[in-house]
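Just so it is clear, the values below take in all heavy atoms, side chains as well, and ignore hydrogens, waters and symmetry mates. By convention here, the first residue in the shown sequence is residue 1. Keep in mind the model is a prediction, meaning the values are calculated, not measured.
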Amino acid sequence: MEFADNLISIQARIAAACTRVGRAEDSVMLLAVSKSHPPDAIRAAVAAGQVFFGENKIQEAKAKIPLSPGQARWHFIGHLQSNKVREAVELFELIQGVDSLAIAQEINRRAEPAAKTVPLLLEVNVAGEASKFGYAPEKLLAELPRLTALPRIAVHGLMAIPPFSPFAEKSRPYFRRLRELKLQCENILGVPLPHLSMGMSGDFEVAIEEGATIVRVGTALFGERVSSLRRTETE
Ligand SMILES: *Cc1c(COP(=O)(O)O)cnc(C)c1O
């Protein structure tokens, strides 16, 4: 299937999920996860009307973004190492997946000379999986005041990747936990956090029912990725 056809079908499913729970269709941002796909694929996606794209490797993004149409807007959705923060701040308009004070401090430091405020989402390891990155919920709540005190970052919400399952409903309790955690964060901060980034090709409709404002969809839009890149997702 062509990207354009896939996009129409995913948009319809997003709209239907919103309707089921009484949400406005435009309350969900579709982030097209383009990792492993070449600039030609981005061009076709932009031509079909897609605006937001997600990449999880700095090296790959650095090569790809300059070759992609200028209308495309980019989120970093991978695990960020401190030696890659400077480039991430240059390449991406939002960094999803910040999971330590040290990385947040480094983003803050790199944003200063660029005269930027960098929006970011904090990643939560919702199932306490040893193989996954992300804050333990208690640690996140404890560190939140120090994170939000950094002047050049703006915490816009939370993101999570629940344990893989072929059954979308298995993700629901984790999505619900992330939404509850966002409420706890809002109570601590006294301000609303706009974003919950959760849901991928297999479970984005359940995520929307549980309050996702950003769904990160790769395979269902672009088709299968090459296997070497799929393997690195769980590293
Ligand atoms: C690869 C990836 C996705 C997209 O996964 P699909 O199952 O292909 O939709 C979403 N989020 C993150 C963080 C990813 O690394």
Side-chain angles (χ1 to χ4, degrees), residues 2-4 6-7 10-11 28-99 103-104 106-123 133 152-157 159 161 194-195 197-201 204 212-235:
E2 293 286 312
F3 185 95
N6 294 341
L7 180 60
I10 298 292
Q11 281 169 337
V28 178
M29 172 199 284
L30 173 60
L31 187 73
V33 177
S34 49
K35 63 191 185 197
S36 91
H37 298 288
D40 277 349
I42 312 289
R43 232 166 274 132
V46 168
Q50 179 60 30
V51 177
F52 292 96
F53 295 88
E55 289 286 335
N56 71 339
K57 298 268 190 301
I58 297 294
Q59 282 311 113
E60 187 182 338
K62 214 166 80 174
K64 195 188 289 183
I65 292 176
L67 300 176
S68 298
Q71 304 100 295
R73 298 169 62 176
W74 300 89
H75 287 196
F76 185 72
I77 59 168
H79 180 71
L80 197 51
Q81 289 161 331
S82 75
N83 63 345
K84 299 280 168 62
V85 165
R86 185 180 54 79
E87 288 170 314
V89 166
E90 283 168 12
L91 291 165
F92 294 94
E93 74 174 51
L94 187 144
I95 298 177
Q96 301 196 18
V98 173
D99 62 359
I103 288 292
E106 183 62 12
I107 295 171
N108 185 66
R109 190 170 82 82
R110 294 295 186 175
E112 183 90 46
K116 278 185 181 172
T117 302
V118 180
L120 53 84
L121 306 184
L122 301 168
E123 181 169 0
F133 293 110
R152 292 215 169 260
I153 66 159
V155 175
H156 279 199
M159 79 89 90
I161 309 168
H195 285 303
S197 171
M198 56 189 196
M200 319 198 330
S201 290
F204 68 90
T213 64
I214 301 175
V215 291
R216 309 177 308 265
V217 178
T219 313
L221 284 171
F222 287 102
E224 289 291 326
R225 290 180 286 277
V226 297
S227 56
S228 64
L229 283 157
R230 295 191 78 196
R231 225 179 296 127
T232 61
E233 279 163 43
T234 51
E235 272 173 11

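When each of I58, L80, L120 is paired with F92, the side chain to side chain contact (heavy atoms under 4.5 Å, CB included) condition holds for I58 and for no other.
Every residue two or more places apart in sequence or in another chain that forms a side-chain hydrogen bond (donor to acceptor under 3.5 Å, both in side chains) with Q96 is listed here: H75, S197. Among residues two or more places apart in sequence or in another chain, the side-chain contact (heavy atoms from CB on, under 4.5 Å) test is passed with V33 by K35, I77, R216. For F204, there are no ring pair (Phe, Tyr, Trp, His ring centres under 6.0 Å) partners two or more places apart in sequence or in a different chain. The side-chain hydrogen bond (donor to acceptor under 3.5 Å, both in side chains) search around E55 returns S34, K64, not counting sequence neighbours. Remark: K62 engages E87 in a salt bridge (charged side-chain N to carboxylate O under 4.0 Å, His left out) (not counting sequence neighbours). With sequence neighbours left out, the side-chain contact (heavy atoms from CB on, under 4.5 Å) criterion links R152 to N108, A111, E112, T117. Shown here are the side-chain hydrogen bond (donor to acceptor under 3.5 Å, both in side chains) partners of T213, two or more places apart in sequence or in another chain: H195.
Once rounded to the nearest 0.5 Å, the distance linking CD of Q81 with CD of E106 reads 12.5 Å.
Relative orientation of the H37 and F222 rings is parallel, given thresholds of 30° and 60° on the angle between their planes.
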Distance-only donor-acceptor hits, side chain of residues 38-49, under 3.5 Å, sequence neighbours excluded:
{"from": "D40", "atom 1": "OD1", "to": "R43", "atom 2": "NH1", "distance (Å)": "2.6"}
{"from": "R43", "atom 1": "NH2", "to": "L67", "atom 2": "O", "distance (Å)": "2.9"}

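Side chain of N56 to main chain of G78: no donor-acceptor pair is present (N/O by atom type, distance under 3.5 Å, no hydrogens or angles).
For residues 68-79, the set of pairs meeting the salt bridge (Lys or Arg N to Asp or Glu O under 4.0 Å) definition, not counting sequence neighbours, comprises R73-E93.
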